[in-house]
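Data block below; observations after.
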Protein chains: 2
Amino acid sequence: MSTASARTLDHPERTEIRLEAVLHALSDPMRLQVVRFLAELGEGEGAACSAIELAVSKSTTTHHFRVLREAGVISQVYRGTAKMNALRRSDLDALFPGLLDSVLDADTAQRRRTG
Amino acid sequence: MSTASARTLDHPERTEIRLEAVLHALSDPMRLQVVRFLAELGEGEGAACSAIELAVSKSTTTHHFRVLREAGVISQVYRGTAKMNALRRSDLDALFPGLLDSVLDADTAQRRRTG
DNA sequence: CCAATTGTACGATGACCTTCGTAGTTTGAC
DNA sequence: GTCAAACTACGAAGGTCATCGTACAATTGG
């Protein structure tokens with residue numbers, strides 16, 4: 001069996017991803033932190049929610065991951081008790097070439113400037 | 001006289017512009033429409049608020065222009081009874097190279113796709 | 001001065017957003 | 001089966017947001 005777990009999550013199709021939703025998802029510092037973390041991980045299956053230390057409660061963490069997933073910025077799959085998160089880089093790059101990279105670069109630049 | 005009108009508006013300095021605020025400002029369809037309009041105008045003093053037909057009331061229009069100005073995306077100056085709006089392209093490009101262009105390109109791509 | 005044009009200020013409203021705590025579910029390990 | 005780990009669901013509180021209408025202010029043109 002290919003272990004088709006019953007627990008699956010709704011993701012927008014590539015063509016359903018909306019620019020406004022992506023920008024909104026990225027406009028929160030906490031979510032931008034998550035995206036930065038996942039971007040540094042590079043290609044792969046991603047990281048568990050708990051791998052990213054956010055300064056908020058678990059339920060708030062869940063909320064932010066959900067916003068990112070529903071906007072199409074990340075994908076989430078269950079893996080045992082954990083939930084693995086990965087950037088949907090190829091979808092984003094195909095839809096909006098250069099957008100994710102310039103946001104990440106902008107974030108890096110701002111961090112370097114602001115300290 | 002260089003007609004230094006008493007009416008001036010607060011703009012964030014270049015170094016005060018925050019990425020999160022810019023992304024949030026751009027995540028609204030109406031404001032994105034304004035930015036697209038101003039970008040097509042190219043360099044110059046910009047356009048009056050009334051030059052951009054938005055499908056909302058005047059007070060809502062004022063609100064959106066204010067959000068864009070306070071985020072540092074546009075500059076506004078009074079010119080007679082009108083208020084001229086211009087993209088702060090050089091500031092944005094200096095702070096976040098490529099960001100504005102990739103957002104505008106993404107918007108164009110989405111419009112072409114969605115129709 | 002008078003009127004028209006252009007945009008502002010204010011208050012209100014309903015929607016959405018971030019955050020939390022608590023209680024529950026699913027899975028893996030023993 | 002039992003227990004811990006990881007995450008979710010739900011409901012609530014407090015804040016912000018987009019929108020409007022109405023009343024007001026500043027400038028230009030007659």
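The model shown is predicted, which means the values in this text are computed figures rather than measured ones. Convention: sequence-line order gives letters A, B, ...; per-chain numbering from 1.
Between the CZ atom of A:Phe96 and the OG1 atom of B:Thr108 there is a distance of 11.0 Å, given to the nearest 0.5 Å.
Nucleotide D:dC7 holds its P atom 13 Å from the CZ atom of A:Arg79, rounded to whole Å. If you measure from atom CZ of A:Arg31 to atom P of C:dC17, you get 9 Å, rounded to the nearest angstrom. Distance B:Leu54 CG to C:dT6 P: 15 Å, rounded to the nearest Å. Taking atom CG of residue B:Asp10 and atom P of nucleotide C:dA9, one finds them 12 Å apart after rounding to whole Å. In this entry the distance linking CZ of B:Arg66 with C1' of D:dT16 reads 15 Å, nearest Å. Rounded to an integer number of Å, the gap from CG of B:Asn85 to C1' of C:dT6 is 12 Å. Taking atom CG of B:Leu9 as the reference point, atom P of D:dA26 lies 13 Å away to the nearest angstrom. Computed from coordinates, the A:Leu68 CG to C:dC17 C1' distance equals 14 Å when rounded to whole Å.
Nearer the 5' end of DNA chain D, as judged by each residue's closest nucleotide, is the contact made by B:Val67, out of B:Val67 and B:Lys58. Nearer the 5' end of DNA chain C, as judged by each residue's closest nucleotide, is the contact made by B:Cys49, out of B:Cys49 and A:Gly80. When the nearest nucleotides of DNA chain C are assigned to B:Thr61 and A:Thr81 by heavy-atom distance, the more 5′-ward of the two goes with B:Thr61.
For B:Ser50, counting side-chain heavy atoms from C-beta on, the closest listed nucleotide (C:dT18, D:dT27, C:dT6) is C:dT6. With D:dA18, C:dT18, D:dA6 as the candidates, the nucleotide lying closest to the side chain of B:His63 is D:dA18. The side chain of B:Ala82 approaches C:dT6 more closely than any other nucleotide in the set C:dT6, C:dT26, C:dT18. Picking from C:dC20, D:dC17, C:dT27 the nucleotide with the shortest atom distance to the side chain of B:His24 gives D:dC17. Comparing D:dC7, C:dT27, C:dG21 by their nearest atom to the side chain of A:Tyr78 picks out D:dC7. In the set C:dG7, D:dT27, C:dT27, D:dT27 carries the atom at the smallest distance from any side-chain atom of B:Arg7. Ranking C:dC17, C:dC20, C:dG28 by closeness to the A:Val56 side chain, first place goes to C:dC20.
Under 3.5 Å, the side chain of B:Ser59 and the base of D:dG21 form at least one donor-acceptor pair of N or O atoms.
For the pair B:Leu99/B:Leu19, a side-chain contact is recorded, criterion being any heavy-atom separation below 4.5 Å from C-beta on.
Between B:Thr15 and A:Arg113, the shortest heavy-atom distance links the atoms O-NH1, 4.5 Å.
A side-chain donor-acceptor contact under 3.5 Å links B:Glu16 to the backbone of B:Glu13.
Distances shorter than 4.0 Å separate none of the side-chain N or O atoms of B:His64 from OP1 or OP2 on D:dC17.
Between A:Arg89 and A:Asp101 a salt bridge is recorded (basic side-chain N to carboxylate O distance below 4.0 Å).
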